[in-house]
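Keep in mind that what you see is a predicted model, and the values were worked out from it rather than measured. Remember, it's 1-based here, ligands and their atoms both numbered in the order they're listed.
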Amino acid sequence: MMKSWIEIPEKSDFPLENLPFGIAEIVTGKVNAVSRIGDYAVDLEKLEWLHVFDDLDFDYEGVFSKDTLNEFIEMGREAHLAIRHRIQEVFGEGFFKDNDDDLLTAIRATALHHISGIRMLMPVKVTDYTDFYSSIEHATNVGKMFRDPANALLPNWRHLPVGYHGRASSIVVSGTDIHRPKGQTLPAGADKPVFGPSAMVDFELEVAFVVSKTTELGTSIPAADAEEGIFGFLLFNDLSARDIQSWEYVPLGPFLSKNFGSVVSPWIVTLEALEPFRVQGPVQDPEVLPYLKTSGLRNFNIQLDVLIKPQQGTENLVCRSNFRHMYWNICQQLAHHTINGCNITTGDLYASGTISGPEPGSYGSMLELTWRGANPIHLSDGTERKFLNDNDTVIIRGYAENEHLRVGFGECVTTILPVRS
Ligand code: MN
C-alpha cells in the first residue's frame with residue numbers, strides 16, 4: 001500500500017491507490033469536485049486554485065467548480081490519469097520535506113475536509129441509463145420462479161447481454177430515502193387488478209459504470225476498445241416493486257416497477273484503481289458471436305455485501321456476493337449496446353443487473369433470497385422479512401481486497417419510507 005502523510009485507517013476503502021471522484025457540498029451551498037484519502041475529502045477546486053495542477057498537460061480551470069463531474073469526465077482518460085498521478089505524488093509520504101512548507105500549510109487549511117463534515121451529492125448528471133441482466137445465476141433463479149424450472153434461461157440469454165432502457169430522472173445518491181410506490185397489481189387468483197401501495201418492495205444488488213465518451217449515431221464501439229470509454233464504477237441499488245413488475249412487464253419489460261428510485265454510491269471508483277483486482281469471467285458456452293468476443297481479464301473481484309437495518313434494530317447481513325460472477329462483462333455490454341449504431345453520451349450509466357452468486361446466501365435480491373416470499377429472512381430483532389418493510393434501511397458495501405491492498409466504494413444507503421400521502 002502507498003503511504004501518505006494523511007493518516008489512512010486500517011481497512012479503509014480509500015488508500016492513495018483508490019482516489020475516487022465525487023461531488024460534495026463543503027459548506028452550505030458551496031459545491032465542487034472532490035477525491036478521497038482515508039477519512040478526508042480532498043477538494044480538487046482548491047488544489048487547482050493552489051496551482052497543484054498547473055504544469056499538467058490539460059486545462060482544468062473551472063472543471064472542479066461544477067456541481068457534476070460530467071465536464072471533467074468528458075476530458076478523457078489521459079486527463080483523469082494526470083490528476084490521479086499528481087494527487088498520489090503530492091499526498092505521498094515524503095513529498096513535503098518541510099512541515100512548514102507553504103503549499104502543505106495551504107492544503108491543510110483549505111483543501112482537506114473530514115468526511116463527517118461534508119455532504120456527498122450526486123456525482124454525475126446521468127444522461128441516459130440502461131440496466132442489463134448479466135448474472136446467469138440471477139436470470140436462472142428468476143426464470144425458475146416466473147416461468148419454467150426446467151428451461152429457466154430464455155433461448156437468447158447466452159447469446160447476447162439482455163438489457164432494457166431505464167429512466168435517468170429517478171436515480172439518486174446514497175442517503176436519499178425513497179417512498180414506497182403505489183401502483184396496479186394483480187392479487188393471486190384475481191381476474192382484475194387493484195390499486196394501492198406495493199407490498200413487495202425489493203432491492204437489487206448491482207454495480208454500474210459511467211462512460212467518458214460521446215459517440216455519433218450510426219457508429220459502434222468494438223468490444224476490444226470499450227474500456228477506453230469507461231470512467232469508473234458505482235454501487236447501484238435498483239429498487240424494484242415485484243408485485244407491480246409481475247403485472248406490468250408483459251410484453252415490453254419493466255416500467256413503473258423500476259423507476260420510483262434507484263440509488264448510487266457517491267464515489268466513482270476508476271478502472272485504474274481496480275486494475276489489481278481483474279479476474280477471468282465465467283466460461284461462455286456456447287461461444288459468442290465475433291463482435292462480442294473479448295480477451296484478457298475483463299471481470300473484477302469486488303466483494304459485495306447487502307445489509308438490512310430495521311428502524312429500531314441493528315444491521316443484518318442478508319447477502320454476500322461478488323461482481324466477478326457476471327457472465328457478460330462490461331466490454332461485451334457496451335459493444336452490444338452500440339452494435340446497431342446506438343450512440344452513447346458522457347455521463348451515461350450502465351448497470352449490471354442483479355448480481356447473484358451460486359450459493360443461496362449470495363443472491364442479490366429479496367425475491368431470490370426468500371424465493372418469492374416462501375422462505376422469509378430472520379433478522380436479529382426477532383422479526384422476519386419476505387420483502388422490505390417501511391423504515392427499513394438497505395446498505396450496500398463493496399470492496400476489492402488482496403493481501404497488500406483494499407480499494408472500496410464506501411456505502412450505498414437508502415431507507416424505504418411509507419407511501420407518500
Ligand atoms: Mn436491475
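Between Trp328 and Tyr133, the gap from one ring centroid to the other reaches at least 6.0 Å. Between His337 and His165, the distance from one ring center to the other falls under 6.0 angstrom. Taking the ring centroids of Phe64 and Phe72, they lie under the 6.0 Å cut-off.
Asp238 has its closest N, O or S atom to the Mn ion (ligand 1) at the position named OD2. The N, O or S atom of Glu206 lying closest to the Mn ion (ligand 1) is OE2. Within Asp131, the N/O/S atom positioned nearest the Mn ion (ligand 1) carries the name OD2. Glu204 contributes atom OE1 as its closest N/O/S atom to the Mn ion (ligand 1).
Side chains of Pro418 and Asp390 form a contact here, defined as non-hydrogen atoms less than 4.5 Å apart.
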